[in-house]
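Worksheet: the structure to be examined is printed underneath.
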Amino acid sequence: MLKYILKKLLLAIPVLLGITIIDFILMNLAGSPIDMMTGPKMTESVKAMRAAEWGLDQPLWRQYIGWLGEILQGNLGYSYKTFQPVSGMIVSHIAPTLLLMGSSLLLGLVIAVPAGVYSAVHRYKKRDYAMVTTSFVFSSVPSFFMALLLIYLLTVKLGLLPSSGMITPGTQGSAADVLRHLIMPMLVLGVSMAGSNIRYVRSSVLEILEMDYLRTARAKGIGRFLTINKHALRNALLPIVTMIGMQIPMLFGGAVIIEQVFSWPGLGLITMSAIMNRDFPVIMGVCLLSAVVVLIANLLTDIAYALVDPTIKY
Amino acid sequence: MQSSGFMPVVRRFCRHRLAVVSLFVLLILIFMAVAAPLIAPFAPTKPTGAFSKGPTLKNILGTDQVGRDVFSRLLYAMRSSLLVGFMATVISSAIGVVLGLVSGYFGGWIDKVIMSFTDMVMSFPYILLVLVAAAIFEPGLWSIILILGFVDWPGMARLVRGNVLSLRETNFVKSDRAAGMPRRYILFSEILPNTIAPVLVNATSIFAISILDEAALSYLGMGVQPPTPSLGNMLGGAESLTILTTKPWLWLPAGVTIIVLVTCINLVGDALRDALDPRNTLR
């Protein structure tokens, strides 16, 4: 087991290095930081001095090594606009994003698992088709359009929920207040997650329903409820674990857009404003962080899979 | 696909009545988009009358803030959105298929290099990569096509690779190798035709996702640039509260069109998956 985990960890290292290289190349494609930080009035000699000062006159691979060294010490560079350290900006904005992502993931599962199981159990009946079609519609609605519809309905027409921010301005922000702000963005992200998940859960339960041990369980006469919830669902949990791991990048991408629509003060919001302002250190810092998080999530999924599934070979 | 195997596929596809309806709707929408210059009553970028007027007999979906006919714009918007979706799908499928074929067939270090590159690209959240690329390059119709096409291939590459790996062990490929057939022949004439079905199904979902992504990007102002209409940038105006509440004809049609278009593509893709699966005999 330990050997398996170690092997996975070692395999992740080249991928991680590759991620930093892609990140670095993208940042260099974006243009010279000197042009972006200074106005057009700067003379060439001053620019050259700056370049020497920041080591930009060195070959690209030397710059990369230096940049990587800084990253390993936790220094992601400084924003072109606010001159704050990027790592500090990320730390102060990560909690709202994690809250949004976590609650959406949970909501997505709470919708998808029962719906998927229901669909699989009633396979090829009208109810199943209705469920599958609904799931396709869920994943076909652009998230920002769903957000607009919700704002139109719940904020403008009914006046039930606030449409932007995380706390009511001017207040300290109680848990109930945050929850009221959270409902709509969570609903949008959770529903679009559930869309694809329903079909995934359905097909993994279907596969298990055809297994011999399920026929045995049914033959024992323990009843439909126990057969499905004890025998089928438990075994279907395995692919569902992988599904969660695969969805972290999607979830993060969705959060970027949804945070923009609802002005949710998380990483997505600062990323979008950095993209609009071409503030590349911030963009690349967030990219790097999210890629690393995805890599870790995949690693954990693999390990969890190995722990849960006794048939997997190390 | 051989002609003898074609009819059962059609028959299996037709059993999904909803998918047949979707295909029909999709064909009508595509026709309307392609024939936009013939159908549209007005030019999409020229003012035709009063500003922001509700639907009338002359402008059946009303006019926008600068007096352009919304219905005509909608037709042209479908044109650009379908073009983006289609071209992005072609590009990313081509990249994915080639990388997957090479990786799966040759194996060894080539496979390792290609697959770890795929893993790296997949680690970045897809939307984030697209947004970053959109920030680096000038936004516009063709740059969106290229960006989406060059970012969304890893799924296809993995799928094709997996398929090739299992095909490589089949007897007909083994016998080809034993007979000393050239690699090119084995790859393109034996393995590729047998992976067409899953590739086609995956391509429909890339098509659907690309249309959604174009909409999101253009909505955020980083995709297709006005005055060229696209389904996403037509929705951009809805961010303002007055438009959202008092002028639904400006944003509802584009939003509904996206949903109908993408749902139809997804349903057709799903039925196609079912119909092309050789394990599915009559059920």
Side-chain angles (χ1 to χ4, degrees), chain A residues 11-12 14-19 21-23 26-27 29-31 124 129 132-133 136-137 139-146 148-149 151-152 156-157 163 199 248-257 260-261 268 271-272 274-276 278 280 283-284 286-288 290-295 298, chain B residues 16-18 22 112-113 115-117 119-137 205 208-209 211-217 219-222 231-232 235-236 238-239 241 244-245 248 251-252 254-256 258-267 269-270 283:
Chain A
L11 276 174
V15 175
L16 191 62
L17 271 178
I19 286 171
I21 292 175
I22 295 179
D23 205 60
L26 276 176
M27 192 150 63
L29 271 179
Y124 302 139
Y129 284 124
V132 171
T133 310
F136 273 120
V137 176
S139 47
S140 303
V141 183
S143 56
F144 65 93
F145 186 69
M146 201 193 304
L148 288 176
L149 284 178
I151 292 177
Y152 181 69
V156 179
K157 287 281 162 194
S163 70
R199 271 166 283 139
I248 306 284
M250 254 175 81
L251 204 58
F252 189 82
V256 172
I257 288 171
Q260 179 75 5
V261 179
T271 314
M272 252 340 267
I275 287 173
M276 294 294 180
R278 308 194 160 232
F280 284 98
I283 305 175
M284 291 349 279
V286 174
C287 268
L288 191 62
S290 52
V292 171
V293 168
V294 169
L295 198 67
N298 285 342
Chain B
H16 295 261
R17 255 168 283 161
L18 207 55
S22 299
K112 279 213 182 71
V113 169
M115 277 303 119
S116 40
F117 183 59
D119 279 347
M120 288 166 205
V121 176
M122 268 183 135
S123 299
F124 289 99
Y126 168 66
I127 292 276
L128 207 56
L129 262 191
V130 170
L131 284 171
V132 170
I136 294 175
F137 304 106
S205 75
I209 288 171
I211 289 180
L212 283 178
D213 288 334
E214 182 279 325
L217 276 178
Y219 170 76
L220 294 170
M222 312 189 68
L231 292 174
L235 280 165
E239 241 176 324
L241 212 58
L244 189 65
T245 50
W251 54 274
L252 211 53
V256 172
I258 297 176
I259 298 176
V260 171
L261 210 56
V262 177
T263 309
C264 286
I265 293 171
N266 276 331
L267 287 172
D270 187 51
R283 184 175 65 216

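To find a chain, count down the sequence lines: A is the first, B the second, and so on, and within it residues start at 1.
Proximity to chain B is limited to the backbone of A:P14, based on heavy atoms less than 4.5 angstrom apart. Contact of A:V156 with chain B is made through the side chain alone, with heavy-atom distances under 4.5 Å. Heavy atoms of B:A208 lying under 4.5 Å from chain A are absent altogether. Only the side chain of A:T271 has a heavy atom closer than 4.5 Å to any heavy atom of chain B. Heavy atoms closer than 4.5 Å to chain A are found in both the backbone and the side chain of B:L220. Within the 4.5 angstrom heavy-atom criterion, only side-chain atoms of A:I257, from C-beta onward, approach chain B. In this structure, chain A has no heavy atom under 4.5 Å from any part of B:I265.
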Let's go through B:S22 and B:T263 carefully: what are the C-alpha distance in whole Å and the side-chain angles of both, what is the deciding distance for side chain to side chain contact (heavy atoms under 4.5 Å, CB included) to 0.1 Å, and is it a yes or a no?
CA-CA 8 Å; B:S22 299; B:T263 309; over 6 Å; no
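In this structure the side chain of A:I248 never reaches within 4.5 angstrom of the side chain of A:N298, judged on heavy atoms.
Judged as a ring-ring contact (aromatic ring centres under 6.0 Å, His included), and not counting sequence neighbours, A:F252 has no contacts. Remark: B:Y126 engages B:D213 in a side chain to side chain donor-acceptor pair (under 3.5 Å) (not counting sequence neighbours).
Between B:Y219 and B:W251, the distance separating the two ring centers is not shorter than 6.0 angstrom.
Taken to the nearest 0.5 Å, the OG1 atom of A:T133 stands 11.0 Å off from the NE2 atom of B:H16.
The residue among B:I209, B:V262, B:V260 with the most heavy atom pairs within less than 4.5 Å of chain A is B:V262.
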